[in-house]
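All residue numbers in this chain count up from 1 along the given sequence.
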Amino acid sequence: MTKSDLDPDHYQDLSQTIVAMQRSYGRGHDSGMHQHRRAQLIYACSGVMRVETAAGNWVLPPQRALWVPPLTPHRVQIASDAEMRTLYVEPAAAPGLPEHCSVLEVSPLLRELILALTALPIVYQPESRASLIATLIIAELRQLPTAPLHLPMPHDPRLLKLCRQVLAHPGRDDRFEQLADRVGASSRTLARRFRDDTGLSFREWRQQARLIHALELLAQGEPLKRLAERLGYASQSAFSAMFRRALGVEPSRYFQTDPHDAAQRTEADRAADVEPQRD
């Protein structure tokens, strides 16, 4: 039996601090909602994955990873054919790592460490090569920057319904007042609640939703001009400007760029971002 044949539950009760699993998934695969006793690092070698939790949605392009704390219910959906590598980490071995789900920019060193551990037997001894690699992985995880690839979802049922309408048609430019009216609530009341629930204004949230959808379409090979039109932008250049401000690189280069190069943008740069004119 190979690693790829084993059920994820098999990994949870091994004595090793970190164990690695490899999987290949076709577009459309859906894991369903589940959770693990161990913390999990979900790493996209290729393809794009979407991960859903109660706190929101995350998108995982190639060379990015999602840190999932122990016992966090989550669902993995495959947006394009994907090669996934997963690390299951003993909770006691991960002090100082995020207490909430976070997309991490995977460094070249961590990428090689993940691939090396995946190639070794699951069961290994203390002081072995695999054990030393596992120790280095924990140290490297603590140094990684996060990526702005999270879409927080509201808890209020009316706002959740509103947001799902937007996600179903991300290129439409319905005004917030129109959307609020459809769910039967005051736009003023919902606007205040929206920021309380998500930490974003509706305008900021919708731009983030479009950005995440754009990454999925890019991974599927959608031409930039067509992608910009589908997301409601007046031109390819307007879309590219938004994308560059958010992620630090042109959309045509995103999947070829080392994530650490794109992560050099400062927080001040991101704070100054404003969605470009779309019509």
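A salt bridge links Arg37 with Glu90: the distance from a Lys NZ or Arg NE/NH1/NH2 to an Asp or Glu carboxylate oxygen falls below 4.0 Å. Salt-bridge formation is detected for the pair Arg230/Glu222: a Lys NZ or Arg NE/NH1/NH2 atom is positioned less than 4.0 Å from an Asp or Glu carboxylate oxygen.
A heavy-atom distance below 4.5 Å is not found between the side chains of Asp174 and Val166. Between Ser237 and Ser240 there is no side-chain heavy-atom pair separated by less than 4.5 Å. Contact annotation: the side chain of Pro73 approaches that of Gln35 to within less than 4.5 Å [non-hydrogen atoms, C-beta and beyond]. Leu41 is not listed as a side-chain neighbour of Thr86, based on a closest heavy-atom distance of 4.5 Å or more. Using a 4.5 Å heavy-atom cutoff, the side chains of Glu204 and Arg195 are in contact.
Aromatic ring orientation, His74 versus His34: tilted (interplanar angle from 30° to 60°). Under the 30°/60° scheme for interplanar angles, the aromatic rings of Tyr254 and Phe243 are found to stand perpendicular. Aromatic ring orientation, Phe202 versus Phe176: tilted (interplanar angle from 30° to 60°).
When the options Thr17, Val68, Leu14, Val89 are evaluated for a side chain to side chain contact (heavy atoms under 4.5 Å, CB included) with Arg38, the one that passes is Leu14. Evaluated for a side chain to side chain contact (heavy atoms under 4.5 Å, CB included) with Leu151, the options His213, Arg210, Gln208 yield exactly one hit, Gln208. Test Leu60, Val59, Leu218, Ile212 against Val48 for side chain to side chain contact (heavy atoms under 4.5 Å, CB included) and you get one pass: Val59. With Tyr43 as the fixed residue, the side chain to side chain contact (heavy atoms under 4.5 Å, CB included) test singles out one of Leu66, Val106, Leu110: Val106.
Hydrophobic clustering (ILVMFWY, side-chain heavy atoms < 4.5 Å, transitive): Leu109 and Ile138 are in one cluster. Residues Leu179 and Leu160 share a single hydrophobic cluster, defined by chaining ILVMFWY side chains whose heavy atoms lie under 4.5 Å apart.
Looking only at distances, no side-chain donor or acceptor of Gln165 sits under 3.5 Å from a matching main-chain atom of Leu162. Under a 3.5 Å cut-off, the side chain of Gln63 and the backbone N or O of Cys45 do form a donor-acceptor pair. Between the side chain of Thr118 and the backbone N or O of Ile114 there is at least one donor-acceptor pair closer than 3.5 Å. In terms of modelled atom types and a separation under 3.5 Å, the side chain of Ser131 and the main chain of Pro126 share no donor-acceptor contact.
Side chains of Glu140 and Ser107: a donor-acceptor N/O pair is present below 3.5 angstrom, by distance only. With hydrogens and angles left out, the side-chain atoms of Glu83 and Ser24 include a donor and acceptor closer than 3.5 Å.
Between Pro152 and Leu200, the closest heavy-atom pair is CG-CD1, 3.9 Å. Shown here for Ala180 and Leu190, the closest heavy-atom pair between the two residues is CB-CD1, 3.8 Å. Of all heavy-atom pairs between Ser201 and Phe194, the closest is O-CE2, 3.8 Å. Pairing each heavy atom of His150 with each of Gly56, the nearest pair is NE2-CA, 3.9 Å. Closest approach of Ala44 and Gly47 over heavy atoms only: CB-O, 4.1 Å.
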If you apply the rule side chain to side chain contact (heavy atoms under 4.5 Å, CB included), what do you find for Trp67 with Cys101, and how did you get there? CA-CA 5 Å; Trp67 174 257; Cys101 292; over 6 Å; no

Side chain to side chain contact (heavy atoms under 4.5 Å, CB included) between Leu104 and Leu141: does it pass, once the steps are laid out? CA-CA 8 Å; Leu104 304 177; Leu141 282 173; 4.0 Å; yes

Trace of the side chain to side chain contact (heavy atoms under 4.5 Å, CB included) decision for Thr146 with Glu105: CA-CA 6 Å; Thr146 58; Glu105 305 279 15; over 6 Å; no

Evaluate the side chain to side chain contact (heavy atoms under 4.5 Å, CB included) criterion for residues Arg182 and Lys161: first the C-alpha distance (whole Å), next the side-chain angles of each, then the deciding distance (0.1 Å), finally the verdict. CA-CA 9 Å; Arg182 289 177 197 162; Lys161 182 178 179 181; over 6 Å; no

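The neighbour count for Arg142 CZ, taken as heavy atoms of other residues, nucleotides or ligands under 6.0 Å away, is above 12.
Here Asp197 pairs with Arg193 under the salt bridge (Lys or Arg N to Asp or Glu O under 4.0 Å) rule; sequence neighbours left out.
Every pair passing salt bridge (Lys or Arg N to Asp or Glu O under 4.0 Å) that includes a residue from residues 70-81 is listed here, sequence neighbours excluded: Asp30-Arg75, Glu52-Arg75.
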